[in-house]
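Numbers here are sequence positions counted from 1.
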Amino acid sequence: MRLGRFLPWFWVLRVLVLKGPASAAGAWRRETFSQHVVLDENGKYHLRWKHDNTTITFEVEVETRGYVGLGLSPTGSMAQSDMVIGGVANGRPYLKDNTVRVIWAYHPEDVKQDSPHYHLSNRGRKSLHLLNPVVDTFIPNDVLVFNIRHYNVSIPTKDTTYWCQIFKLPTLTKKHHVIRVEPIIQKGHEHLVHHILLYQCHNILNDSALGFGHECYNSNMPDDFFNCESIILAWAIGGKGFSYPPNVGLSLGTSTDPVYVMMEMHYDNSNYQEGCIDNSGLKLLYTPVLRKYDAGVIETGVWVSLYHMIPPDMSSYVSQGHCTMECLQEALSQEKASGIHVFAVLLHSHLAGRALRIRHFRNHVEQPLLAHDDEFDFNFQEFRHLKEERVLLPGDSLVTECQYNTTCRSNMTWGGLSTRDEMCLSYVLYYPKIDLSRCESLPEITPQLEFIGVKEIYLPVRTWPFIIKSPKKYKDLSFTEAMNKFRWSKKKGREFNNLVHGIEMNIRCAKHDQREWQVHGIPILPPSLKPWEPKSEMEPITCRTTWQYSDPLPVFLSLTLYVVLTAGM
């Protein structure tokens with residue numbers, strides 16, 4: 001490989017990772033890499049890679065005169081990792097293989113004798129989807145840019161804050177398409193900005209709603225915020241920019257498109273940092289050159305509520321959120337009977353989440369998984385393009401399943417907004433757009449209360465959470481207090497999990513303008529599904545009450561490393 005384009009103190013470690021025989025390295029040549037990520041905050045460690053059916057090829061470019069390390073790890077730690085350390089000393093390249101999340105390191109000095117100097121802070125871990133399909137990210141010359149960002153938001157010194165503000169989109173005289181969305185994250189706040197959602201607002205709003213931000217979801221939230229409920233864009237921590245397929249874009253400028261949007265930003269200040277002023281947001285790239293289809297997004301999974309409960313000390317507990325046949329049937333039949341094409345998915349849960357998947361059924365017959373992540377990383381959530389688009393038809397249904405581990409928790413985990421609460425959601429990107437914003441379910445509360453022995457609650461309900469009347473041991477407790485007072489065991493937790501999978505559920509089937517399809521709110525019994533086999537209960541779990549940025553994601557390939565090292569001039 002020629003290194004003339006690099007400064008003299010750069011060098012390149014190219015790692016050819018093979019499933020087949022190492023003799024394939026004989027085909028070594030200058031290659032173009034389709035994927036690229038910067039692993040460190042200072043922009044000094046660049047990792048590029050490409051893959052085909054048999055080979056993953058990595059290229060590492062690091063700004064250092066010393067050694068460079070690259071490894072694949074099952075946990076993100078050095079233990080049980082496959083780590084290569086290399087450099088150039090006295091004009092000769094060397095390699096040391098210390099015996100897959102990508103872990104990395106570098107040092108300003110070379111390896112001395114048999115052991116490298118400790119890398120100090122020049123190291124880290126990064127979750128990557130190595131086998132993601134390559135997506136065309138070409139940006140045409142006529143692209144326009146519109147930034148939606150908060151200005152000088154003082155992040156509170158508490159673990160969870162949702163900050164909202166309404167913005168007006170560009171005034172357009174004809175239809176345009178958004179073709180790419182990029183995060184604008186203030187430098188140094190990568191660990192604070194957990195996710196960003198952009199909601200379409202009802203067009204009854206006017207410019208008086210603009211110009212100020214406010215904390216969302218509290219009693220003092222401005223009334224205008226309630227007019228913004230339909231998600232049109234989403235970004236989450238660890239994700240990069242997202243490009244729509246070449247034939248698809250997010251429509252702007254027509255009478256049915258949003259004029260006002262609300263940006264919701266989740267700040268996760270788990271270390272209670274003080275004095276943080278944030279100016280993060282989203283960049284929209286849009287063009288007057290129209291594409292064939294308008295994009296839509298459906299939020300599906302478990303309707304976020306305290307009625308979504310996960311008992312403590314469970315090594316594997318599975319929640320199911322249903323986008324039911326009834327909801328899809330009604331929406332698709334009236335909007336697009338020929339079906340919609342799913343091209344990308346974002347899977348979302350919080351700290352207790354260990355694995356997520358979306359099951360697809362057609363007339364009750366299970367199809368291949370729509371999407372899955374068997375090693376979910378809370379700190380790496382992004383839209384993933386499907387290798388092949390999937391068509392959803394009338395008669396189809398989706399089930400979002402989330403597998404949790406609560407062995408480190410002594411109380412119930414509740415569905416809610418905090419990272420210490422839980423969610424089980426998936427955001428499905430598709431085309432052509434139909435009038436369906438949310439397709440979710442939530443288990444009925446009465447059978448869950450009966451499981452712990454609750455007989456009666458105070459009616460009418462005047463407080464939230466509502467208060468229990470009998471039996472005596474729960475009298476005058478809220479239902480959340482009663483759930484925590486119950487003596488949970490692993491056996492009781494498994495019984496509760498089985499119960500929840502079989503009780504009636506309420507259906508959320510909502511349109512973009514806050515109206516609802518007819519099946520919305522109707523109790524429906526869930527279908528009987530083959531259970532998800534739990535992850536190994538012997539798997540070591542690290543107890544966490546907070547998360548750390550760049551927490552790792554295992555890589556699942558058993559690979560042989562073949563390394564070619566080339567020194568710069």
Q. Can you tell me if Tyr162 and Asn218 form a side-chain donor-acceptor pair at under 3.5 Å?
A. no

**Q.** Straight-line distance of Phe146 CZ to Lys168 NZ, nearest 0.5 Å
**A.** 10.0 Å

Q) Under 3.5 Å, is there a donor-acceptor pair between the side chain of Gln186 and the main chain of Asn279? A) yes

Q. When you look at CG of Asp223, are more than 12 heavy atoms from neighbouring residues, nucleotides or ligands closer to it than 6.0 Å?
A. no

Q) Can any side-chain N or O of Arg420 pair as donor or acceptor with the backbone N or O of Leu351 at less than 3.5 Å? A) no

Q. Taking C-beta and beyond as the side chain, do Phe479 and Met309 meet within less than 4.5 Å on heavy atoms?
A. yes

Q: Kindly write out the residues that satisfy salt bridge (Lys or Arg N to Asp or Glu O under 4.0 Å) with Arg149, not counting sequence neighbours, or none if the list is empty.
A: none

Q: May I ask you to decide if His512's main-chain N or O and Ser437's side chain share a donor-acceptor pair within less than 3.5 Å?
A: no

Q.
So, using salt bridge (Lys or Arg N to Asp or Glu O under 4.0 Å) as the criterion, who are the partners of Asp435 when residues are at least two apart?
A. Arg515

Q | Distance-only donor-acceptor check, side chains Glu61 and Tyr45, under 3.5 Å | A | no

**Q.** Contact check, side chains of Tyr430 and His341, non-hydrogen atoms, under 4.5 Å
**A.** no

(Q) Atom NZ of residue position Lys433 - does it have more than 12 heavy atoms of other residues, nucleotides or ligands inside 6.0 Å? (A) yes

**Q.** Distance-minimising heavy-atom pair for Ser410 and Pro312
**A.** C-CB, 3.6 Å

Q. So, Gln165 versus Tyr151: side-chain donor-acceptor pair below 3.5 Å or not?
A. no

Q.
Can you confirm if the aromatic rings of Tyr317 and Tyr404 lie within a centre distance of less than 6.0 Å?
A. no

Q. Does a side-chain heavy-atom distance below 4.5 Å link Leu346 with Arg384?
A. no

Q | Check: Val302 and Leu442 side chains under 4.5 Å, non-hydrogen atoms | A | yes

Q. For Cys439 and Cys323, is the interatomic SG distance under 2.5 angstrom?
A. yes

Q) Distance-only, no hydrogens or angles: does the His202 side chain make a donor-acceptor pair with backbone N or O of Ile204 under 3.5 Å? A) yes

(Q) Quick check against the 3.5 Å criterion: does Glu422 have a side-chain atom that pairs as donor or acceptor with the backbone of Ala352? (A) yes

Q) If you measure from the Lys or Arg side-chain nitrogens to the Asp or Glu carboxylate oxygens, is any gap between Glu182 and Arg180 under 4.0 Å? A) yes

Q. Is any side-chain N of the basic residue among Glu516 and Lys511 closer than 4.0 Å to the acidic one's carboxylate O?
A. no

Q) So which pairs with a foot in residues 156-203 pass disulfide bond (SG atoms under 2.5 Å apart), sequence neighbours left out? A) Cys164-Cys216, Cys201-Cys228

Q) Centroid-to-centroid, His348 to Trp235, below 6.0 Å? A) no

(Q) Suppose we call two aromatic rings close when their centres sit under 6.0 Å apart. Are Tyr244 and His177 close by that rule? (A) no

Q | Pairwise side-chain contact, Leu284 with Leu169, heavy-atom cut-off 4.5 Å (strictly under) | A | yes

**Q.** Gln334 side-chain N/O to Ala331 backbone N/O, donor-acceptor pair under 3.5 Å
**A.** no

Q. Looking at Tyr272 and Asp159, what are the two nearest heavy atoms and their distance?
A. CE2-N, 3.6 Å

Q: State whether a side-chain donor-acceptor pair under 3.5 Å links His360 with Arg390.
A: yes

Q) Is it true that a side-chain atom of Asp257 and a backbone atom of Thr254 form a donor plus acceptor pair closer than 3.5 Å? A) yes

Q. Heavy atoms, side chains only, cut-off 4.5 Å: are Leu285 and Val181 in contact?
A. no

Q) Can you tell if the side chain of His266 reaches within under 4.5 Å of the side chain of Thr160, non-hydrogen atoms only? A) yes

Q.
Can a side-chain donor-acceptor contact be found between Ser426 and Thr300 if the only test is distance below 3.5 angstrom?
A. no

Q: Using a strict 4.0 Å threshold on nitrogen-to-oxygen distance, state whether Asp373 and Arg354 make a salt bridge.
A: no

Q | Distance flag, aromatic centroids of Trp163 and Phe212, threshold under 6.0 Å | A | no

Q) Leu192 versus Asp278: any side-chain heavy-atom pair under 4.5 Å? A) no

